Protein chains: 2
Amino acid sequence: MTSDDNTVNIKPRDGRYHHGDLRSALIEEGLAQLDVKPPDAVSLREIARNVGVSATAVYRHFPDKAALLNALCGVGGERLAEAFREAMSGADDQRGAFKAMGRAYVKFALRNPSVFRLMMTQSRPKGDREKDPCATDEPFGMLSDTLNALMPPDASKTARKIKRLQAWSMVHGLAMLMLDGQVPPDEALVDQVIVASFL
Amino acid sequence: MTSDDNTVNIKPRDGRYHHGDLRSALIEEGLAQLDVKPPDAVSLREIARNVGVSATAVYRHFPDKAALLNALCGVGGERLAEAFREAMSGADDQRGAFKAMGRAYVKFALRNPSVFRLMMTQSRPKGDREKDPCATDEPFGMLSDTLNALMPPDASKTARKIKRLQAWSMVHGLAMLMLDGQVPPDEALVDQVIVASFL
DNA sequence: ATGTCATGTTATCAGTGTAAACATGGTTTG
DNA sequence: CAAACCATGTTTACACTGATAACATGACAT
């Protein structure tokens with residue numbers, strides 16, 4: 001017991017030596033940190049500290065810091081997919097649905113900046129080993145499907161690809177520029193840009 | 001002389017105690033680092049080490065790590081402006097010039113990934129104190145001017161703003177998606193997307 | 001009761017940014 | 001010319017990080 005802890009040193013000595021569900025607790029605390037600081041500023045040690053557990057306990061559940069971040073990334077993907085579903089449900093036609101998804105994309109970025117960054121920009125240098133589905137697959141699939149349904153049936157494969165890339169680039173770029181302070185993060189402005197968009 | 005250096009320990013003992021032009025040397029070395037690693041992986045200590053100087057010597061020329069990064073950011077801006085000039089010079093009309101600048105934007109990002117990141121995405125958490133012109137002003141002004149010349153003279157101010165934002169968002173998003181590995185960094189693909197673009 | 005094993009802990013290491021105190025040597029002034 | 005000044009670099013030290021290795025605990029099965 002070196003007691004060099006800066007905090008109150010609350011050991012979970014309330015009966016059980018084992019935490020119960022540390023893994024979930026770590027993820028939850030990780031998400032909480034992402035609400036208030038950029039991804040590169042989240043620290044394993046602080047997460048552990050706030051959960052009330054030793055610094056190295058994390059390594060029993062995640063081999064790496066990148067692994068923890070990937071987990072957070074995963075729940076981010078689910079949330080984005082959920083946001084897309086909600087956006088689609090409120091639209092009349094396919095075209096409206098697509099634009100609604102575009103708005104939802106940027107809105108999601110503005111409201112969960114760090115999670116968005118974590119998902120989209122490789123904020124974890126070596127996290128993408130082989131697999132790493134990163135859960136962006138689901139929301140991206142939804143976008144792709146909606147756009148395909150929207151285009152003329154005789155459109156070529158590459159034409160679809162280009163169109164998809166244009167749309168994605170635009171919302172992604174808008175989100176990034178706003179997150180990075182190059183453009184004021186105004187949701188009304190987002191609407192204007194998307195409404196005036198092609199398609 | 002602790003000699004705990006891992007390197008060959010080359011002190012600049014070739015006559016002058018003072019380095020001569022440390023500031024420039026630090027910037028140059030910093031840019032060299034940015035060529036091979038992402039911005040958040042550049043380390044003051046390693047820069048100092050490679051320049052052959054003590055770790056804290058940096059603080060005689062830059063108050064902060066962020067300050068050094070901002071300096072690098074500055075030369076990045078000059079380079080981008082230069083790339084824009086070159087792109088414009090090879091075009092016949094205004095419309096061609098604008099699209100050429102779009103291509104140049106993405107190309108610049110692909111060829112100087114870390115510098116681009118440093119300039120565009122706030123990779124320095126607290127770097128943007130008050131001033132921080134960040135030198136992106138010049139290239140952005142060039143883009144804006146070209147687009148303005150391109151639009152019908154009776155276009156409203158907000159119409160211009162929206163159009164500018166659309167264009168910028170698209171190239172920026174495309175660049176980011178490619179840098180982050182979400183889209184293959186294919187320059188031919190860039191051309192397709194931009195050519196097929198609105199405008 | 002006795003092992004086994006997942007889970008958590010302590011000790012330790014290398015690396016980082018940064019501040020404070022000190023050293024050096026060119027430049028300016030008496 | 002000597003002495004003070006001051007920009008520049010050095011040493012030392014601190015707090016923080018991610019990560020590894022060795023050890024402790026306690027739940028659960030045989």
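Keep in mind it's a predicted model, so treat the numbers as computed, not measured. By convention in this document, chain letters (A, B, ...) are assigned in the order of the sequence lines, proteins followed by strands, and residues within each chain are numbered from 1.
- In this structure, A:D64 atom CG and D:dT20 atom C1' are separated by 12 Å, rounded to whole Å.
- Proximity of B:R49 to the phosphate of C:dT16: a side-chain N or O atom is located under 4.0 Å from OP1 or OP2.
- As rounded to whole Å, 14 Å separates atom P of C:dG15 from atom CG of B:N50.
- Around atom CD of A:E86, no more than 12 heavy atoms belonging to other residues, nucleotides or ligands sit under 6.0 Å away.
- Remark: the A:R160 side chain and the A:N148 side chain contain an N/O donor-acceptor pair separated by less than 3.5 Å.
- Note on B:V58: nothing from the nucleic acid sits closer than 4.0 angstrom, heavy atoms only.
- Phosphate contact (OP1/OP2 of D:dA7, side-chain N/O of B:H61, threshold under 4.0 Å): absent.
- The environment of B:Q182 atom CD is dense: over 12 non-hydrogen atoms of other residues, nucleotides or ligands sit within 6.0 angstrom.
- Atom-to-atom, OH of B:Y59 to P of D:dT11 comes out at 17 Å; the value is rounded to the nearest Å.
- The 12-atom threshold is exceeded at CZ of A:R85, counting heavy atoms of other residues, nucleotides or ligands nearer than 6.0 Å.
- Across the interface with DNA chain D, nearest-nucleotide mapping of A:L44 and B:T56 shows B:T56 to be the residue nearer the 5′ end.
- The end-to-end axis angle of the helix from C:dA1-D:dT30 to C:dG30-D:dC1, rounded to 10 degrees and based on five pairs per end, is 20°.
- Salt bridge annotation for B:K37-B:E46: present, with a cationic side-chain nitrogen under 4.0 angstrom from a carboxylate oxygen.
- Proximity of a side-chain donor or acceptor of B:T158 to a complementary backbone N or O of B:K161 within less than 3.5 Å is not detected.
- Within 4.0 Å (heavy atoms only), B:S43 reaches sugar-phosphate atoms of the nucleic acid but no base atom.
- Distance A:R23 CZ to C:dA6 P: 16 Å, rounded to the nearest Å.
- In this structure, NZ of B:K65 is placed 8 Å from P of C:dT18, rounded to the nearest angstrom.
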